[in-house]
Amino acid sequence: MSDDDDIQYIKRQRTLHYGSLEESERKRQNAASSEASTTTTKGTPAASGATTTSTGGQLEDIDSDEDYEESTKKTSGSKQAAAPPPTAATLANKIDDDYFDLEMEMERDKVALLEEFERKKRARQINVSTDDTEIKSNLRQLNEPICYFGEGPAERRRRLKELLAGLGEHAINRKQYEEEERKQQQREQDQATWYHEGPDSLRIARLWLADYSLPRAKDRLARAREALEVASATRAGRMVEMQKKLQSLAPLCSQVGDTRPVSSAAFSADSTLLLTASWSGLCKLWSVPDCELKQTLRGHASYVGGVALRPGVKADEENVVAMASGGHDGAVKLWGFNNEESIADITGHMPHRVSKVAFHPSGRFLATACYDSSWRLWDLEQKTEVLHQEGHAKPVHCLSYHSDGSVLATGGLDAFGRVWDLRTGRCIMFLEGHLGAVFGVDFSPNGFHIATGSQDNTCKIWDLRRRQPVYTIPAHTNLISDVKYQQECGSFLVTCSYDSTTKIWSNKTWQPLKTLQGHDNKVISVDIAPNSQYIATTSFDRTFKLWSPDS
């Protein structure tokens with residue numbers, strides 16, 4: 001038997017390693033020089049030592065950096081014995097973990113290729129419209145660019161199919177559903193009523209309003225019960241007498257109010273004074289019925305839209321707020337008797353126009369309608385704003401108090417009206433039905449009827465109890481600029497219009513009782529004296545007229 005038969009050859013597994021050849025060669029040379037120096041130190045270069053050196057040089061080709069440092073420390077020691085040659089199992093365990101298997105990477109590439117193949121297969125099976133406009137719309141819904149530079153309709157369609165293959169065939173429908181859900185939630189949030197904690201002044205005002213309005217409501221209901229006990233013949237006789245009185249209305253006085261159109265007029269609580277406003281910025285106080293000028297109020301820089309007289313203030317009181325006016329520039333001025341300068345100014349509306357102002361029946365509060373789509377309530381005793389109410393989509397043009405002082409009605413250019421509870425701040429009724437802007441609104445003394453005049457030439461009567469309109473009066477041939485109920489018992493309703501006429505309507509049957517003609521131009525506003533003896537109208541012809549029954 002030869003010596004070659006005793007040698008067992010071990011077939012080493014070929015493993016490829018990624019790394020720098022220069023670094024591997026440097027490691028091998030350093031290991032060889034270290035082994036040579038160790039052999040020289042021993043001084044016995046036996047054959048086994050040479051074999052060990054050669055084997056060490058081969059080992060360093062596959063050892064890690066840690067093994068190399070450890071072997072260097074061992075060989076640098078003095079008189080250490082040579083290490084025995086390692087086995088194949090030892091060599092396999094010493095392979096560094098930093099190297100990765102090529103077969104694993106090939107497996108990953110294979111999986112990626114299979115996924116790409118499946119994705120392209122799904123893309124070919126997806127049906128996509130050939131309309132390029134629809135394709136762009138679908139890309140926009142997926143938040144993708146609708147067009148790349150140099151991309152044609154075919155490439156764009158192919159890109160959409162690949163996107164749908166990755167996101168799912170129903171990705172567009174899901175996007176549309178999510179968008180609809182988001183819009184629905186946004187609409188619900190916009191329509192939801194929200195509240196926030198108000199200041200202490202608001203709590204004080206609401207408690208005061210509740211204490212003031214409840215006894216007045218009780219008295220009103222008691223008067224309504226008493227009226228029901230009156231005989232029907234007596235009520236019919238009073239109605240006939242009232243109609244005769246209205247049909248005999250005639251111009252009592254026609255006065256040139258200013259050099260510009262007279263925009264508004266308001267009677268005092270005792271029916272002895274009439275306050276007018278003009279586009280010239282002047283407000284004038286006139287005596288009734290002789291229409292003599294008593295006072296001129298100067299201070300507005302632009303035309304004045306609405307004026308009001310405060311109830312409960314006597315003409316001889318000074319330095320007391322007795323009148324209010326609102327201007328186009330947003331300035332609201334408070335005036336006193338016998339004083340041409342304003343006592344106080346309210347500047348919270350600037351720069352939006354203030355179209356109407358109205359005093360609360362108690363005289364404590366002032367309401368202002370503003371063109372910033374809101375109306376505000378001011379407490380004259382606390383000297384602060386207690387309510388800034390939004391709700392209209394367009395400017396608020398007119399407002400009116402309930403006779404009890406508990407609620408307030410507003411009309412806006414959005415063709416809607418709203419009824420607000422001053423004690424809670426809530427909108428308790430939505431007046432929907434007009435086809436144009438609402439320019440006039442007023443409460444009936446009975447407490448449950450509301451009249452609104454609109455740009456659609458009609459006047460609607462609303463029932464607060466039923467929360468719906470009960471009658472529509474085709475009143476004029478042009479827009480209705482203002483409406484007013486008789487303040488004493490609400491027996492008739494007056495409307496004025498841009499057709500230069502003012503009409504009086506019966507409260508029960510809504511039949512026309514009288515047409516007041518005399519103005520040469522559009523009639524802007526109308527007011528009825530608290531004693532029901534006079535009706536005042538203002539017009540673009542720069543005059544105001546006082547109407548009264550013939551004696």
Side-chain angles (χ1 to χ4, degrees), residues 245-268 271-280 282-293 303-309 325 355-358 397-398 400 439-442 451-454 457 459 473 475-488 491-505 512-550:
K245 187 176 180 180
L246 292 175
Q247 290 175 357
S248 64
L249 282 174
L252 177 65
C253 177
S254 180
Q255 179 70 22
V256 177
D258 208 325
T259 58
R260 298 292 305 278
V262 182
S263 57
S264 182
F267 279 100
S268 62
S271 304
T272 60
L273 297 174
L274 179 68
L275 179 63
T276 61
S278 171
W279 283 11
S280 66
L282 297 179
C283 299
K284 296 182 179 181
L285 189 65
W286 309 83
S287 63
V288 176
D290 51 3
C291 295
E292 292 183 357
L293 182 61
Y303 65 82
V304 183
V307 291
L309 279 158
S325 59
S355 55
K356 298 292 181 182
V357 295
H397 185 82
C398 54
S400 175
F439 291 120
V441 62
D442 195 30
T452 55
S454 172
N457 308 344
C459 175
I473 307 174
H476 294 270
T477 59
N478 206 332
L479 67 87
I480 298 176
S481 55
D482 203 0
V483 294
K484 279 293 186 296
Y485 267 104
Q486 180 200 17
Q487 299 183 24
E488 187 177 1
S491 299
F492 61 90
L493 174 72
V494 180
T495 61
C496 63
S497 170
Y498 274 19
D499 61 5
S500 304
T501 63
T502 303
K503 295 185 178 182
I504 304 175
W505 311 85
L513 300 178
K514 181 70 174 180
T515 300
L516 307 179
Q517 295 180 338
H519 284 288
D520 298 332
N521 210 325
K522 306 170 184 177
V523 182
I524 304 177
S525 71
V526 63
D527 196 21
I528 304 174
N531 60 6
S532 303
Q533 295 296 319
Y534 308 103
I535 297 176
T537 56
T538 64
S539 173
F540 269 83
D541 60 8
R542 300 170 296 172
T543 66
F544 70 91
K545 294 184 182 297
L546 209 61
W547 308 81
S548 177
D550 289 337

Looking at S355 and C398, what are the two nearest heavy atoms and their distance? OG-N, 4.5 Å
Could you tell me the separation between the CG atom of L513 and the OG atom of S491, rounded to the nearest 0.5 Å? 10.0 Å
Rounded to the nearest 0.5 Å, how far does NZ of K545 lie from OG1 of T538? 11.5 Å
Non-neighbouring partners of Y485 that pass ring pair (Phe, Tyr, Trp, His ring centres under 6.0 Å), sequence neighbours left out: none
Do the side chains of Y534 and L274 get nearer than 4.5 Å, heavy atoms only? no
List the residues meeting salt bridge (charged side-chain N to carboxylate O under 4.0 Å, His left out) with K245, not counting sequence neighbours, and say none if there are none. none
Minimal heavy-atom distance between W547 and P251, with the atoms involved, is CZ3-CG, 3.3 Å
Distance check, rounded to the nearest 0.5 Å: C496 atom SG versus I524 atom CD1? 9.0 Å
Side chain to side chain donor-acceptor pair (under 3.5 Å) partners for T502, two or more places apart: none
Give a yes or no on whether the backbone of N521 and the side-chain of S500 come within a donor-acceptor separation of less than 3.5 Å. yes
Counting distance only, does the side-chain N/O of S497 pair as donor-acceptor with the main-chain N or O of H476 below 3.5 Å? no
Closest approach of V441 and S400, non-hydrogen atoms and distance? O-CB, 3.5 Å
Taking the side chain as every heavy atom from C-beta outward, state whether V288 and T272 have any atom pair closer than 4.5 Å. no
Between T515 and K503, a side-chain donor and acceptor under 3.5 Å: no
Is a side-chain N or O of K514 found less than 3.5 angstrom from the main chain of Q247, in a donor-acceptor match? yes
Which value, rounded to the nearest 0.5 Å, describes the distance between E292 atom CD and C253 atom SG? 9.5 Å
Side-chain touch W286/L293, heavy atoms, less than 4.5 angstrom: yes
Looking only at non-hydrogen atoms, find the nearest pair between L493 and C459 and report the distance. CD2-SG, 3.8 Å
I'd like a table of donor-acceptor pairs (distance under 3.5 Å, sequence neighbours excluded) in which one partner is a side-chain atom from residues 256-267, with atom names and distances.
from, atom 1, to, atom 2, distance (Å)
D258, OD1, S280, OG, 3.4
D258, OD2, S278, OG, 3.1
D258, OD2, S280, OG, 2.5
S263, OG, A277, O, 3.4
S263, OG, V304, O, 2.5

Can a side-chain donor-acceptor contact be found between D482 and S525 if the only test is distance below 3.5 angstrom? no
Indicate the atoms forming the closest heavy-atom contact of G440 with V483, along with that distance. C-CG2, 3.6 Å
With Q487 via side-chain contact (heavy atoms from CB on, under 4.5 Å) - residues at least two apart: D527, P530
Residue list, side-chain contact (heavy atoms from CB on, under 4.5 Å) with Y498, at least two apart or on another chain: N478, L479, S481, K522, F540
Does the side chain of I528 reach to within under 4.5 Å of the side chain of F492, using non-hydrogen atoms? yes
Closest non-hydrogen atom pair between S548 and L249, with its separation: C-CD2, 3.5 Å
I504 and I535, any side-chain heavy atoms less than 4.5 Å apart: yes
